[in-house]
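Reviewing the structure listed below.
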Amino acid sequence: MTSRLTRRQRRRVSQGIQYAVFVGVLVTIGVLADWDRLQNQFAQTDLIGKLFPDIITIALRNTVVYTLSGFAFGLVLGLVVALMRLSSVAPYRWVAGIYIELFRGLPALLIFIFVGVAVPLAFPGTEIPGGTYGKVALGLGLVAAAYMAETIRAGIQAVPKGQMEAARSLGFSHARAMVSVIIPQAFRIVIPPLTNELVLLFKDSSLVLFLGVTLEERELTKYGRDLASQSANSTPILVAGLCYLMVTVPLSFVVRRLEARADRAR
């Protein structure tokens, strides 16, 4: 007569089977993969050496500049849109709602094409300040602001209503209470999702290549693709990917730490 397994024993058996399947998949991939061809195509050591220092001083630097400029513009615009979304004036709410739905629904690629092509056609003779850097900041910022606006709005609404009442009882106007009391608390609440948005923008900066950039304005993806085409080898693309991970992995770790700290505070 076989004894029935307890719940803990069934869980251990289930976990053991899952681990075995996972190891089996890894072993199968390791046995079947042609590692020599992969090394020749993605890990040419002599080609890796030729990528430095330009991949850091030009490509990675431009990627960081593009990301930070787009994030800064998106943060300011997102705050304005969030306040419009919460406004008691109906047209403000309508405009903010349309903007959020429009720019969250469109692919980021179409936004970059709009910035690079439609804006010059609509306003002939005008130039976006900053050249390519200004176009990138505008394109990334327009996309990011739609998401940040909803994040900031949720943060503002998460601040207890008693905070506004207390500020008004001390003689603060509504605007001053928002600036001095509500918005700072809201930003402390939404720091983790805003940091996550920064990670997403860092990757979306690869769309800069559709704007047409010079050699000195290339970001990581454009730089890797150009050198991969010149060398007929994919090693530059792999190195560019590793450069992305050098930034996104630490930022993702920071997001998890901030979320854990927020959970402990709550």
Side-chain angles (χ1 to χ4, degrees), residues 66-115 118-119 122-123 126 128-130 134-202 204 251 254-255 258-266:
Y66 293 151
T67 303
L68 294 179
S69 59
F71 182 82
F73 179 75
L75 186 62
V76 174
L77 181 59
L79 176 60
V80 173
V81 174
L83 294 175
M84 291 174 64
R85 185 80 163 171
L86 296 171
S87 174
S88 59
V89 181
Y92 288 169
R93 296 197 304 271
W94 299 338
V95 171
I98 293 172
Y99 173 85
I100 290 172
E101 296 303 324
L102 179 65
F103 283 91
R104 286 201 308 178
L106 290 175
L109 173 59
L110 294 184
I111 304 301
F112 270 85
I113 294 176
F114 171 79
V115 170
V119 171
F123 304 98
T126 60
I128 297 175
K135 293 178 182 178
V136 174
L138 179 60
L140 288 177
L142 288 174
V143 175
Y147 293 92
M148 290 184 184
E150 287 294 88
T151 300
I152 296 171
R153 179 186 63 81
I156 292 174
Q157 292 179 325
V159 177
K161 294 182 179 179
Q163 297 292 316
M164 174 61 76
E165 296 172 354
R168 295 302 299 272
S169 66
L170 293 175
F172 284 50
S173 65
H174 184 274
R176 184 181 175 190
M178 287 292 295
V179 172
S180 303
V181 179
I182 304 301
I183 292 178
Q185 293 186 60
F187 270 101
R188 282 196 292 269
I189 295 172
V190 300
I191 282 177
L194 288 182
T195 308
N196 192 53
E197 182 64 30
L198 180 62
V199 175
L200 296 177
L201 280 182
F202 188 78
D204 285 344
L251 279 177
V254 170
V255 171
L258 291 173
E259 289 175 345
R261 179 178 296 179
D263 291 339
R264 289 195 300 269
R266 285 195 292 268

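Values reported hereafter were calculated over all heavy atoms of this structure, with side chains retained and with hydrogens, waters and symmetry mates removed.
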### Task
Just do the side chain to side chain contact (heavy atoms under 4.5 Å, CB included) check on Met178 and Ile156 with the steps written out, would you?
CA-CA 9 Å; Met178 287 292 295; Ile156 292 174; 4.2 Å; yes
### Stepwise side chain to side chain contact (heavy atoms under 4.5 Å, CB included) test for Leu142 and Leu138
CA-CA 6 Å; Leu142 288 174; Leu138 179 60; 3.9 Å; yes
### Query
So how far is it from Ile191 CD1 to Thr151 OG1, rounded to the nearest 0.5 Å?
13.0 Å
### Task
Give a yes or no answer on whether the side chain of Gln185 reaches the backbone of Val181 with a donor-acceptor pair at less than 3.5 Å.
yes
### Task
Drop me the distance from Leu75's CG to Ile152's CD1, to the nearest 0.5 angstrom.
5.5 Å
## Note on the structure
Output for pair (Leu251 CG, Thr67 OG1), nearest 0.5 Å, gives 9.5 Å
### Task
With the side chain counted from C-beta on, respond yes when Leu86 and Gln157 share a heavy-atom pair under 4.5 Å apart, and no when they do not.
yes
### Message
I'd like to know if Glu165 and Arg168 make a salt bridge, using a cut-off of under 4.0 Å between side-chain N and carboxylate O.
### Response
no
### Query
Donor-acceptor pair, Ser180 side chain versus Ala177 backbone, under 3.5 Å?
no
### Query
Does the Ser87 side chain pair with the main chain of Met84, one donor and one acceptor, at a distance under 3.5 Å?
no
### Task
For atom OH of Tyr99, decide whether the heavy atoms of other residues, nucleotides or ligands shown that lie under 6.0 angstrom number more than 12.
yes
### Task
Can you see which heavy atom on Tyr147 is nearest to which on Arg104, and at what distance?
OH-O, 3.4 Å
### Query
Can you tell me how far CG of Leu201 sits from CE of Met148, rounded to the nearest 0.5 angstrom?
5.5 Å
### Query
So, for Val179 and Pro184, which heavy atoms are closest and what is the spacing to 0.1 Å?
O-CD, 3.2 Å
### Query
What is the minimum heavy-atom distance between Gly155 and Ile189, and which atoms define it?
O-CD1, 3.9 Å
### Query
Between Ile100 and Ala149, what is the shortest heavy-atom contact and its length?
CD1-CB, 4.0 Å
### Query
Where is the tightest heavy-atom contact between Asn196 and Val255, given as atom of each residue plus distance?
N-CG2, 3.7 Å
### Gap between atom OH of Tyr66 and atom CG of Asp204 - 0.5 Å precision
15.0 Å
### Query
Is there side-chain contact between Leu109 and Ile113, with heavy atoms separated by less than 4.5 Å?
yes
### Task
Could you grab the distance from atom CZ of Phe73 to atom CG of Leu68, nearest 0.5 Å is fine?
15.5 Å
### Task
Quick one: closest heavy-atom pair of Phe187 and Leu79, and the distance?
CE1-CD1, 4.3 Å
